[in-house]
Amino acid sequence: MKRIFMLASVLMLVCTLSAQPGWVSKASKSVFTLKTFGADGSLLGSTNGFFVSEQGDAVSSFTPFTGAVRAVVIDASGKEMPVDYMLGANEMYDVAKFRVSGKKIQPLTIASANATTGQEVWMLPYSVKKPEPLSGQLDKAETFQESYAYYTVKMQMPENTVGCPLFNANGEVIGLMQQPARQGDALSYAISARFASEMKIGGLSLNDAALRKTKIKLGLPDKQDEAALMMFVAGSTMDSISYLAIINDFIAKFPNAEDGYINRAQLAFNGNNFEAAARDMEQAIKMSDPKDNAHYSYSRMIYQKELYKNNIPFSAWSLDKAAEEAIAAYDANPMPAYRHLLGQIYFTQKKYDEALSIYQELQNTEMKGAEIYYELARCYEMKGDTAAMLAQLDSAVNTFSKPYLKEAAPFIWARAMARMNTGKHRLAVQDMNEYEKLIATGLNANFYYIREQSEVSCRQYQQALNDITKATQLAPEDPVYYAEKSSLETRVGMYDEAIISARECIRLAPNDSEGYLLLGVALCQKGNKKDGLPQLQKAKELGNEQADALIAKYSK
């Protein structure tokens with residue numbers, strides 16, 4: 001009886017082996033185990049997965065990637081290959097796509113159509129020995145995202161098989177095994193393998209919530225414009241080292257594109273490595289077609305250096321070089337923006353006539369507007385033509401209509417300063433009042449101090465007192481505002497208030513003569529020369545040149 005039972009067992013095993021699909025042996029070479037590691041080198045997690053392209057693209061479950069800084073896959077031959085970068089992730093369905101470094105990678109074939117219920121399917125586990133596929137039957141195929149399937153399989157899933165492939169009878173992968181609800185359940189689950197393999201990195205993937213949970217770097221999109229967008233996003237969201245890695249990946253993937261060289265040059269420029277920046281910009285010009293944007297970017301970079309970093313010597317760059325690049329950009333493509341930059345360079349070189357000519361030319365282009373009128377005004381100011389300067393500032397403000405929008409504020413303020421500096425104080429105050437309406441919550445003490453100056457000049461004393469008081473409230477530790485307040489209060493006969501303001505000025509700046517002078521004047525004007533003259537004497541001792549005349553005046 002025992003012999004009969006053993007014989008039956010052998011026959012069943014033979015039947016099982018003979019029923020094993022023919023594609024199993026080949027497919028097993030594409031299945032791997034994946035291990036992820038933390039920053040300290042400790043093992044974070046493991047799962048299974050499989051290759052989906054000859055280039056090393058692979059899919060697995062995503063969970064082990066959370067917090068990981070490094071990952072490796074180990075194929076069926078025991079060969080270890082590092083994960084280079086992520087190509088996609090979906091936390092809801094626990095799926096990751098990535099690329100590994102390896103040679104002669106054999107991918108699985110992904111089924112182009114969803115499987116239907118009732119089909120026989122096979123789950124192939126990872127094994128360094130002869131794999132033993134497990135058969136089952138599709139119970140459900142639920143559609144999600146319009147074209148993909150989420151499968152329920154009549155199959156008891158063995159331990160450590162999450163991420164393994166699920167095949168149809170033709171040896172095509174239809175699914176990636178998911179974590180079961182409970183170990184030992186009669187039903188198992190798989191997410192569409194096509195969904196996993198078709199995941200892509202896009203230009204905004206740096207902001208993807210799932211991908212941000214892993215420290216393994218992202219791959220670049222295959223489309224150049226999407227890759228350029230990712231590089232742009234990286235510039236404002238990543239540290240300089242990570243950003244440089246993205247740029248270098250872009251240059252390696254798109255060596256003929258100017259964007260990578262320009263971005264790397266800008267990063268070098270930010271670090272004051274002008275030689276490296278120049279080298280990359282020359283390469284950008286060489287690789288670009290058309291070349292106008294590269295010339296323009298180079299010109300703007302040199303101009304910024306000469307404008308804000310001229311204390312750092314770099315003989316290869318100058319404003320003349322910036323002008324040459326701007327001219328080259330315009331010659332390659334006559335865009336007004338390129339002429340505008342040339343005008344700014346000429347203005348910085350104090351070539352006001354040349355700059356003026358360009359700005360006048362730009363008034364006949366789509367760039368006509370408040371900014372060009374303002375730059376014209378500055379040219380006239382430098383040439384000493386006050387009337388023309390004010391006329392251009394009027395034109396700048398008049399490009400906006402009342403009620404003004406916030407965009408008008410810089411030009412209203414510029415006209416206010418010009419009016420103030422040319423003695424047109426009432427008009428200056430009117431402009432400052434308009435400016436105050438537009439920037440109500442962002443005004444500082446200096447604004448109220450400046451407006452107070454013009455208000456005093458046009459004898460608007462009550463407004464001036466209100467403004468200088470506001471200045472002291474906004475900057476209570478600045479003695480300048482208390483000094484101005486004391487002076488104005490003395491001027492309008494508010495001697496008690498002037499004395500208080502002068503004493504506050506002295507408290508804040510005890511070694512400055514201004515507070516003592518103002519206190520002395522206020523006391524003397526009030527009729528208290530006994531206490532006032534010693535304060536004037538103190539101001540004299542501290543070097544105030546006005547003190548002698550005032551001592552002489554109040555000593556009579």
Side-chain angles (χ1 to χ4, degrees), residues 34 36-37 39 49 51-60 62 65-73 81-90 96-103 105 107 196-271 273 276-289 293-294 297 301:
L34 176 139
T36 62
F37 304 89
F51 293 111
V52 296
S53 83
E54 294 180 347
Q55 292 73 38
D57 294 353
V59 296
S60 74
F62 174 70
F65 283 99
T66 301
V69 300
R70 186 174 70 88
V72 298
V73 303
M81 292 172 275
V83 172
D84 282 346
Y85 48 80
M86 304 299 295
L87 290 173
N90 187 292
K97 184 180 179 183
F98 48 91
R99 178 166 291 182
V100 305
S101 292
K103 296 179 180 178
I105 291 173
S197 67
E198 289 180 357
M199 289 194 299
K200 287 182 172 63
I201 290 290
L204 298 176
S205 290
L206 286 173
N207 295 326
D208 183 272
L211 289 169
R212 287 172 67 88
K213 290 186 177 182
T214 181
K215 303 301 180 184
I216 297 173
K217 75 173 184 176
L218 269 62
L220 284 174
D222 291 329
K223 292 183 178 179
Q224 184 178 317
D225 58 344
E226 285 288 312
L229 175 59
M230 176 179 282
M231 186 167 55
F232 173 79
V233 173
S236 58
T237 60
M238 303 180 78
D239 60 77
S240 59
I241 294 175
S242 302
Y243 177 40
L244 179 59
I246 292 282
I247 295 173
N248 287 335
D249 286 347
F250 182 94
I251 291 172
K253 191 166 187 174
F254 305 102
N256 296 325
E258 65 186 60
D259 306 62
Y261 303 106
I262 292 174
N263 279 273
R264 191 165 68 183
Q266 186 63 53
L267 196 58
F269 174 85
N270 294 343
N273 188 351
R279 188 164 53 248
D280 270 332
M281 287 309 305
E282 295 292 346
Q283 185 68 9
I285 292 169
K286 178 181 177 181
M287 303 307 294
S288 60
D289 184 26
N293 180 62
S297 298
M301 183 178 290

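Any value given below was found using the heavy atoms of this structure, including those in side chains, with hydrogens, waters and symmetry copies removed.
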Does a side-chain heavy-atom distance below 4.5 Å link [X] with [Y]?
| X | Y | answer |
| --- | --- | --- |
| Phe65 | Leu34 | yes |
| Lys200 | Pro221 | no |
| Phe62 | Asn90 | no |
| Asn263 | Ile246 | no |
| Ile105 | Gln55 | no |
| Lys253 | Asp222 | yes |
| Leu267 | Tyr243 | yes |
| Arg99 | Asp57 | yes |

From [atom1] ([X]) to [atom2] ([Y]), nearest 0.5 Å:
| X | Y | atom1 | atom2 | answer |
| --- | --- | --- | --- | --- |
| Met81 | Lys103 | CE | NZ | 12.5 Å |
| Asp225 | Phe254 | CG | CZ | 8.5 Å |
| Asp208 | Ile201 | CG | CD1 | 7.5 Å |
| Glu226 | Leu220 | CD | CG | 11.0 Å |
| Asn273 | Arg264 | CG | CZ | 11.0 Å |

Test item: [X] side-chain N/O and [Y] main-chain N/O as donor-acceptor pair under 3.5 Å:
| X | Y | result |
| --- | --- | --- |
| Tyr261 | Arg279 | no |
| Ser288 | Ile285 | yes |
| Thr214 | Leu211 | no |
| Lys97 | Ser197 | yes |

Report task. Tell me, with the steps shown, if Phe250 and Asp259 meet side-chain contact (heavy atoms from CB on, under 4.5 Å). Result -> CA-CA 9 Å; Phe250 182 94; Asp259 306 62; 4.0 Å; yes
Report task. Kindly determine whether Leu87 and Met199 satisfy side-chain contact (heavy atoms from CB on, under 4.5 Å), including the steps that lead there. Result -> CA-CA 7 Å; Leu87 290 173; Met199 289 194 299; over 6 Å; no
Requested in this report: Please assess Ser242 against Asp239 for the test side chain to side chain donor-acceptor pair (under 3.5 Å), listing each intermediate value before the final yes or no.
Outcome: CA-CA 6 Å; Ser242 302; Asp239 60 77; 3.1 Å; yes
Query raised in the report: Any chance OH of Tyr85 has more than 12 other-residue heavy atoms, nucleotides or ligands included, within less than 6.0 Å?
Result: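 Counting other residues, nucleotides and ligands, OH of Tyr85 exceeds 12 neighbours.
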Taking all non-hydrogen atoms of both residues, which atom of [X] and which atom of [Y] are closest, and how far apart?
| X | Y | value |
| --- | --- | --- |
| Gly67 | Lys215 | O-CG, 4.2 Å |
| Ala68 | Thr36 | CB-CB, 3.7 Å |
| Asp280 | Ala265 | CB-CB, 3.7 Å |
| Ala277 | Met301 | CB-SD, 4.0 Å |

Query raised in the report: Among Val72, Val73, Val83, Asp84, which residue meets the side chain to side chain contact (heavy atoms under 4.5 Å, CB included) test with Ser101?
Result: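 That would be Asp84; it is the only one of Val72, Val73, Val83, Asp84 passing the side chain to side chain contact (heavy atoms under 4.5 Å, CB included) with Ser101.
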Requested in this report: List the steps, then state whether side-chain contact (heavy atoms from CB on, under 4.5 Å) holds for Asn293 with Ile262.
Outcome: CA-CA 10 Å; Asn293 180 62; Ile262 292 174; 3.9 Å; yes
